[in-house]
Visitor: 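Below you'll find the structure I mean.
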Amino acid sequence: MNIIIVDNYEEMSKKAASIIMSCVVLKPNSVLGLATGSTPLGMYKELVKAYKRGDVDFSNVLSFNLDEYYGINKDNSQSYNYYMNENFFKHINIKKENTFIPSSKIEDLDQACKYYDQIINKHGGIDIQVLGIGQNGHIGFNEPDSKFVGETHLVNLKEDTINANARFFSSVDEVPKKAISMGIKSIMKAKKIVLLASGESKAHAIYSAVKGDITPEVPASILQLHPDVTVILDREAAMMLSK
Ligand code: GLP
């Protein structure tokens with residue numbers, strides 16, 4: 001693992017954006033694996049700025065998002081569809097039909113999960129996957145479990161994840177209890193992975209992911225087995241690594 005420690009959130013965001021940009025510049029039809037949450041927001045802002053400066057062109061890029069809440073309408077302001085449009089897609093020249101997000105619909109769940117993995121494979125797999133990390137070590141919505149789940153699947157969210165994500169909703173009761181997530185196999189098949197974390201609340205998860213045992217109880221720990229992972233941390237998120 002290549003671990004980069006920077007001073008603050010802004011530096012982390014700039015570094016992450018520069019890695020994504022170089023990928024797209026070198027391969028204009030890159031397949032990007034994208035994440036939501038508060039962590040990558042600064043990276044998206046930097047990428048939008050770079051696009052507006054004319055430094056990067058997304059017209060041939062494809063994107064696959066990691067996850068989506070289950071049973072939520074696409075237009076709901078809490079959906080990850082809405083998040084991606086508002087924070088990234090509508091500001092750049094990516095083609096709408098080239099952006100993929102797991103289906104949030106209740107019907108045809110098995111089919112929709114299978115289709116998601118098939119379509120990633122059909123496009124040659126993900127060139128670079130951006131990841132945040134949950135305080136419990138989750139990646140995407142792959143929650144701590146007794147085994148790793150490989151494919152795109154329905155997840156029952158853990159109580160600590162529901163509580164952590166409640167900050168985006170007006171009450172904890174509104175947080176969906178289920179989500180569709182790309183599985184560990186789909187994430188590990190990405191050619192390159194960039195894991196981002198900022199703030200003290202992520203320090204323990206980062207320590208366990210980077211230095212702990214590889215276990216499904218800390219889903220991010222599987223990344224130790226990937227040949228090309230860059231971890232970009234601000235000082236707070238990295239604070240336990242020197243111990
Ligand atoms: C969410 C998302 C993850 C994200 C994580 C951390 O539940 N499913 O993809 O990485 O939690 O979120 P944040 O960046 O807001 O701390």
Side-chain angles (χ1 to χ4, degrees), residues 9 12-13 33-45 48 63-91 96 99-113 115-116 129-146 149 151-184 186-187 195-206 208-209 216-220 236-237:
Y9 178 80
M12 179 202 76
S13 304
L34 298 177
T36 50
S38 45
T39 308
L41 279 174
M43 177 195 78
Y44 291 131
K45 280 205 177 85
V48 169
S63 72
F64 288 89
N65 264 76
L66 279 168
D67 47 16
E68 176 57 289
Y69 288 118
Y70 179 61
I72 200 169
N73 195 303
K74 275 186 182 182
D75 306 326
N76 185 313
S77 61
Q78 301 300 342
S79 77
Y80 288 165
N81 266 280
Y82 187 91
Y83 169 112
M84 290 308 301
N85 276 325
E86 287 304 304
N87 294 304
F88 195 35
F89 297 154
K90 78 176 192 189
H91 306 287
K96 189 80 186 98
T99 65
F100 299 87
I101 298 184
S103 171
S104 55
K105 288 199 197 136
I106 311 268
E107 62 267 23
D108 285 341
L109 178 66
D110 287 348
Q111 206 44 41
C113 288
Y115 172 74
Y116 203 66
Q129 175 67 57
V130 178
L131 295 175
I133 186 168
Q135 289 174 28
N136 62 8
H138 73 230
I139 45 176
F141 267 132
N142 291 278
E143 293 280 41
D145 203 344
S146 53
V149 181
E151 323 292 343
T152 299
H153 60 290
L154 182 68
V155 180
N156 289 312
L157 300 178
K158 298 269 181 194
E159 205 180 324
D160 41 4
T161 298
I162 292 170
N163 291 334
N165 287 1
R167 67 190 193 280
F168 300 113
F169 293 79
S170 45
S171 88
V172 71
D173 299 333
E174 282 178 29
V175 185
K177 308 291 177 285
K178 291 172 193 268
I180 315 290
S181 181
M182 214 188 261
I184 292 294
S186 326
I187 294 172
L195 172 67
L196 308 178
S198 154
E200 206 179 326
S201 66
K202 300 294 173 70
H204 187 260
I206 285 294
S208 309
E217 293 297 338
V218 181
E236 285 80 26

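Heads up: numbering here begins at 1 and tracks the sequence. Values below: all heavy atoms of this structure, side chains included; hydrogens, waters and symmetry mates excluded.
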Visitor: Could you walk me through whether Lys202 and Thr39 pass the side-chain contact (heavy atoms from CB on, under 4.5 Å) check?
Guide: CA-CA 11 Å; Lys202 300 294 173 70; Thr39 308; 3.8 Å; yes

Visitor: How far apart are the closest heavy atoms of Ala197 and Ala237, and which atoms are they?
Guide: O-CB, 3.5 Å

Visitor: What distance do His153 atom NE2 and Asn142 atom CG have between them, rounded to the nearest 0.5 Å?
Guide: 4.5 Å

Visitor: How far apart are the C-alpha atoms of Leu195 and Ile206, what are their side-chain angles, what is the distance that settles it, and do they pass the side-chain contact (heavy atoms from CB on, under 4.5 Å) test?
Guide: CA-CA 10 Å; Leu195 172 67; Ile206 285 294; 4.1 Å; yes

Visitor: Pick out which of Tyr82, Tyr80, Phe168, Tyr83 makes a ring pair (Phe, Tyr, Trp, His ring centres under 6.0 Å) with Tyr69.
Guide: Tyr80

Visitor: Do Asn81 and Asn73 have side chains that approach each other closer than 4.5 Å (heavy atoms only, starting at C-beta)?
Guide: no

Visitor: Check Ala112 against Ser103 and note the closest heavy-atom contact, atom names and distance.
Guide: CB-CB, 4.0 Å

Visitor: Return yes if some donor-acceptor pair links the side-chain N/O of His91 with the main-chain N/O of Glu86 below 3.5 Å, else return no.
Guide: yes

Visitor: Could you measure the distance from the CG atom of Leu109 to the NZ atom of Lys178? Nearest 0.5 Å is fine.
Guide: 9.5 Å

Visitor: Looking at Ser208 and His204, would you say the former's side chain and the latter's main chain have a donor-acceptor pair under 3.5 Å?
Guide: yes

Visitor: Drop me the distance from Leu66's CG to Ile180's CD1, to the nearest 0.5 angstrom.
Guide: 13.5 Å

Visitor: Does any part of the side chain of Tyr9, heavy atoms only, come nearer than 4.5 Å to the side chain of Leu41, both counted from C-beta?
Guide: yes

Visitor: Nearest 0.5 Å please: distance from the CD1 atom of Ile133 over to the OG atom of Ser198.
Guide: 12.5 Å

Visitor: Do you know the tightest heavy-atom contact between Glu217 and Asp145?
Guide: OE2-O, 3.2 Å

Visitor: Go through the steps to decide whether Asn85 and Lys96 satisfy the test side-chain contact (heavy atoms from CB on, under 4.5 Å), and finish with yes or no.
Guide: CA-CA 9 Å; Asn85 276 325; Lys96 189 80 186 98; 3.8 Å; yes

Visitor: Assess whether side-chain contact (heavy atoms from CB on, under 4.5 Å) is satisfied between Thr99 and Phe88, documenting all intermediate values.
Guide: CA-CA 11 Å; Thr99 65; Phe88 195 35; over 6 Å; no

Visitor: Under 3.5 Å, side chain of Lys177 to main-chain N/O of Val175, donor-acceptor pair present?
Guide: yes

Visitor: Could you measure the distance from the CZ atom of Arg167 to the OG atom of Ser38? Nearest 0.5 Å is fine.
Guide: 4.0 Å

Visitor: Restricting to non-hydrogen atoms, name the atom on Tyr44 and the atom on Asn87 that form the minimum distance, rounded to 0.1 Å.
Guide: CB-O, 3.7 Å

Visitor: Can you confirm whether Phe169 sits close enough to Pro176 that some side-chain heavy atom of one is under 4.5 Å from a side-chain heavy atom of the other?
Guide: yes

Visitor: Relative to the ring of Phe100, is the ring of Phe64 parallel (under 30°), tilted (30 to 60°) or perpendicular (over 60°)?
Guide: parallel

Visitor: Side chains of Pro144 and Pro216, heavy atoms from C-beta outward: is any pair under 4.5 Å?
Guide: no

Visitor: Not counting sequence neighbours, which residues clear side chain to side chain contact (heavy atoms under 4.5 Å, CB included) with Asp160? List them please.
Guide: Asn136, Lys158

Visitor: If I take atom CD from residue Glu68 and atom OG1 from residue Thr152, how far apart are they, to the nearest 0.5 angstrom?
Guide: 13.0 Å

Visitor: Shortest non-hydrogen contact from Ala203 to Glu236?
Guide: CB-O, 3.6 Å

Visitor: Indicate the atoms forming the closest heavy-atom contact of Asn65 with Pro102, along with that distance.
Guide: O-CD, 3.4 Å

Visitor: So do Gln78 and Glu174 actually touch side chain to side chain, heavy atoms under 4.5 Å?
Guide: no

